[in-house]
Participant: 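Supplied in structure tokens, the structure appears directly below.
Convention: sequence-line order gives letters A, B, ...; per-chain numbering from 1. Model, not experiment: these values are computed from the prediction.
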Number of protein chains: 2
Amino acid sequence: MPMGLTADELRQLDSFVDERRRIKRGERLYAAGSTFDALFTVRLGSLKTAVLFEDGREQVTGFHMLGELIGLDGISTEAHTCSAHALEDSEVCLLPFSRLEDFSRRIPALQHHVHRLLSSEIVREQHNMLLLGTMRAEEKLASFLLDLSDRYLRRGYSASEFVLRMTREEIGSFLGLKLETVSRLFSRFQEAGLIIAQQKYIKILDANGLRQLIGPPD
Amino acid sequence: MPMGLTADELRQLDSFVDERRRIKRGERLYAAGSTFDALFTVRLGSLKTAVLFEDGREQVTGFHMLGELIGLDGISTEAHTCSAHALEDSEVCLLPFSRLEDFSRRIPALQHHVHRLLSSEIVREQHNMLLLGTMRAEEKLASFLLDLSDRYLRRGYSASEFVLRMTREEIGSFLGLKLETVSRLFSRFQEAGLIIAQQKYIKILDANGLRQLIGPPD
DNA sequence: CGCGGATTTGAACGGAGTCAATCCGCGTGG
DNA sequence: CCACGCGGATTGACTCCGTTCAAATCCGCG
């Protein structure tokens, strides 16, 4: 949480972001339906969030890495609508929401920041809707790789070389594809010289080539 | 905006929800990229919001009717990421956002309400992602009809009989389908005795039948 | 009353899904 | 330390749902 706060305000904020929680790979941070009372920021590792259906089908709604905020869906009804699982051993930091509300009444810059965070999540999801609703399989996967690449870059990691933390099935669920399709596309991208994909290891050889895949079929 | 506010607080609120705007059918309330400074609530008519792609493809992100709030995506960057068009002659009420922030610092109940509204939008979009990513065409359209039905009901209209305000193409864009597919499904639902669909007029004959369409294939 | 956009319907196609067989590699336990 | 087991990944063959292309019809609106 950056933003134009005074030193004093920052000290106040520090006072309530103390509690942390460790989650082992595969474990659940919270389940859909569980009561909401705090947001979480990722301090270490990465998580996925997913909404699920009566019949067992699930839709992955996001993959979350260092610094990202999860749990915003819980504010609305005081209960989470999605579940959150760790993709690897991870650690999150708790932000008790009612305290966050108290602080943000006192600190306008924080209040505005909270609003922007909520709104960003809406924008992110709109982007996903566009991806799910209008893109072809190839475009979806290319977008996905470029998005990951960008997020690693911002965190100071390599934009062109990284290790996926999620399975083909989870990628597929996120993109509205089956795992076999995801796998086949990785192979096709590799044959086309766009990437190297060996299981979870990914190296992007031609980011512009990936970008050009996104666009009208023609 | 209901919520547990005192009479005095309500009076304060009234003072800033005065400005209204009329939009004719097909006209635009705001464009993607335009600067954000206010939210809008629908007072009359209905609107659609859509995100669009460089290449012209568009994804309808929602249809909005009486009482619903639009523009929340603009908070994040002070610019709208989607555009809003009137589906019929409509009227919206402006809520200048910075004033809303001021008020909500002073009135905790309002502050919490704003948070819940933002969060509800996140939940709504998660639901759409599930729809777009995991449902088959038939399930998508059945969900869509049941959702509309429910929203009309809450507003005191008939849940079983209504007039669509959007075209087959707009429905298709919202559901991630082509307009021909939407049209064919309406016909199939009609043959199956689930609905009557004559152009924009819809009558739901068997809501439970529609509900049963939603679920694992077989 | 006539025009043009919206809708319906048909036929053929193709992209992604399904089913199935194999392969890989990581972690575990002997 | 190595062998084994098992979940994840790859690949192939075939299917099918939704798209595409095309034509006809409907209907609201000027």
Participant: How many whole angstroms separate atom CG of B:L175 from atom C1' of D:dG18?
Facilitator: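 Between C1' of D:dG18 and CG of B:L175: 13 Å.
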
Participant: Using only side-chain N and O atoms of A:R136, determine if any of them is under 4.0 Å from OP1 or OP2 of C:dA16.
Facilitator: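 So the side chain of A:R136 is outside the cut-off, no N or O lying under 4.0 Å from OP1 or OP2 of C:dA16.
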
Participant: Check the distance between C:dT8's P and B:L141's CG and give it to me in whole angstrom.
Facilitator: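 For the pair B:L141 CG and C:dT8 P, the rounded distance is 11 Å.
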
Participant: Does D:dC27 have OP1 or OP2 sitting under 4.0 Å from an N or O in the side chain of B:K200?
Facilitator: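 Checking B:K200 against D:dC27: no side-chain N or O falls below 4.0 Å of OP1 or OP2.
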
Participant: To the nearest angstrom, how far is B:E169 atom CD from D:dT19 atom P?
Facilitator: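 To the nearest whole Å, that distance equals 12 Å.
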
Participant: Where is the tightest heavy-atom contact between B:S119 and A:L72, given as atom of each residue plus distance?
Facilitator: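 Heavy atoms of B:S119 and A:L72 come nearest at OG-O, 2.7 Å.
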
Participant: Is A:T181 near enough to C:dG17 that one of its side-chain N or O atoms lies under 4.0 angstrom from OP1 or OP2?
Facilitator: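 Yes, because at least one side-chain N or O of A:T181 sits under 4.0 Å from OP1 or OP2 of C:dG17.
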
Participant: Any base atoms under 4.0 Å from A:L179, or only sugar-phosphate, or nothing? Heavy atoms, all strands.
Facilitator: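 The residue A:L179 makes base contact.
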
Participant: May I ask you to check whether A:H64 and A:F40 place their ring centres under 6.0 Å from each other?
Facilitator: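 No, the ring centres sit 6.0 Å or more apart.
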
Participant: So that I can tick it off, tell me whether A:R43 and A:E91 are bridged by a salt bridge, with the cut-off set at under 4.0 angstrom between side-chain N and carboxylate O.
Facilitator: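 No, this pair does not count.
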
Participant: Nearest to the A:K178 side chain among D:dT19, D:dG8, C:dT18, which nucleotide is it?
Facilitator: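 Selected nucleotide (nearest to the side chain): C:dT18.
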
Participant: Closest heavy-atom contact between B:L94 and B:R21?
Facilitator: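 Nearest pair, atom of B:L94 first, then B:R21: CD2-NH2, 3.7 Å.
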
Participant: Checking contacts here: which listed nucleotide (D:dT19, D:dT10, C:dT8) is nearest the side-chain heavy atoms of A:S187?
Facilitator: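 Closest of the options to the side chain of A:S187: D:dT10.
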
Participant: Any strand counts, and the cut-off is 3.5 Å on both contacts for Watson-Crick or G-U wobble. Which nucleotide pairs with D:dC29?
Facilitator: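 C:dG2 - that is the nucleotide pairing with D:dC29, both distances being under 3.5 Å.
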
Participant: Looking only at non-hydrogen atoms, find the nearest pair between B:M135 and B:K140 and report the distance.
Facilitator: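 Looking at all heavy atoms of both residues, the shortest contact is O-CE, 3.3 Å.
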
Participant: Answer yes or no: does a side-chain N or O of A:S183 lie under 4.0 Å from OP1 or OP2 of D:dT10?
Facilitator: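 Yes.
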
Participant: Write down the distance between NZ (A:K140) and P (C:dA16), rounded to a whole number of angstrom.
Facilitator: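 Spelled out: NZ on A:K140 to P on C:dA16 is 8 Å.
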
Participant: Please figure out whether B:E180 or B:R188 has its closest DNA chain D nucleotide nearer the 5' end.
Facilitator: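 Looking at the nearest nucleotide for each, B:R188 comes out on the 5' side.
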
Participant: Distance check needed: D:dA9 P versus A:F186 CZ, whole Å only.
Facilitator: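 From A:F186 CZ to D:dA9 P: 9 Å.
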
Participant: Whole angstroms only, please: what is the CZ-P distance between A:R168 and C:dC24?
Facilitator: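 Checked: the CZ to P distance equals 15 Å.
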
Participant: Select from B:R184 and B:M166 the residue whose nearest nucleotide in DNA chain C is closer to the 5' end of that strand.
Facilitator: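 Taking each residue's closest nucleotide, the earlier one in sequence belongs to B:M166.
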
Participant: Without decimals, in angstroms, what is the distance between B:Q198 CD and C:dT9 P?
Facilitator: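 After rounding, the reported distance stands at 11 Å.
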
Participant: A:L164 has an atom CG; how far is it from atom P of D:dG8, in whole Å?
Facilitator: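 A:L164 atom CG is separated from D:dG8 atom P by 14 Å.
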
